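First comes the structure, then the notes that go with it.
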Amino acid sequence: MIQVVAEDARRVHGLIENGRVVVPADALAEILGWELKPEGLCRDDQCAPVAPGSLEADGGIDLLAAADALGRPGLVDPETESVAIGAARPDRRAALVDRQAPDFTLPDLDGVPRALSDWTGRKRLLVAFASW
C-alpha cells in the first residue's frame, strides 16, 4: 500500500520502483478522477489523448506518467511510500495570475472552524506555521 495525496489523501495498492509509481488501472479513477480508455485518459465527456501503451507498467498504470499527461506534477518519496500529485497547470496558473486562493476551512485559536470565504470583501492576513 502506498499513500497518495491528490485532491485528498488515500492509501491504494501499488508499488514504487525505480522512481515509477505503479497502481492498478481501476485505482486511476479513484486517485485522479480520470480513466484510461482506448481514446486516452477520460473523465465524463473529456479525453486527453495518450499514446497506446505509454502509461502501462508492470501490469498496472504508471501514475506519474498519467499525471504528467494531464499536466499535473508529481513527487515521490520512496522511503515513506508517499506520492503527491499537484493541481493541473491551468489551475496553478490561474491562482498565480488571478491571485485567488482556493477556499479552505481551518479552526481559529478558539477551535471555531473558519473558512477563507467568510472574510470575502475584507483584507486578510494569513499566517502559517509548521512545527517540522
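As the structure is a computational prediction, the values presented were derived from the model and not from experiment.
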For residues [X] and [Y], determine if any side-chain heavy atom of one lies less than 4.5 Å from a side-chain heavy atom of the other.
X	Y	result
Val5	Val83	no
Leu106	Leu116	no
Ile61	Val22	no
Met1	His13	yes

Tell me whether [X] at atom [atom1] has more than 12 heavy atoms from other residues, nucleotides or ligands lying less than 6.0 Å away.
X	atom1	answer
Arg93	CZ	no
Arg92	CZ	yes
Glu79	CD	no

In terms of side-chain geometry, is the basic nitrogen of [X] or [Y] positioned less than 4.0 Å from the acidic oxygen of its partner?
X	Y	result
Arg10	Asp8	yes
Arg43	Glu35	no
Glu56	Arg20	no

Find out if a path of hydrophobic residues (ILVMFWY) with successive side-chain heavy-atom gaps under 4.5 Å connects [X] to [Y].
X	Y	result
Val23	Leu15	no
Leu70	Leu55	yes
Val12	Trp34	yes
Ile31	Val50	yes

Distance in Å, [X] [atom1] paired with [Y] [atom2], rounded so as to fall on 0.5 Å steps:
X	Y	atom1	atom2	value
Leu64	Ile85	CG	CD1	5.5 Å
Leu32	Leu41	CG	CG	8.0 Å
Leu36	Asp26	CG	CG	12.0 Å

**Prompt:** Between Asp77 and Ser82, does any side-chain donor sit less than 3.5 Å from a side-chain acceptor?
**Reply:** no

Next on the checklist: Closer than 3.5 angstrom, by distance alone: can the side chain of Arg72 be matched with the main-chain N or O of Ala87 as a donor-acceptor pair?
Outcome noted: no

ask   = Is the backbone of Val112 close enough, under 3.5 Å, to the side chain of Asp110 for a donor and an acceptor to pair up by distance?
value = no

Grouping ILVMFWY residues whenever side-chain heavy atoms fall under 4.5 Å, the cluster of Val97 otherwise contains none

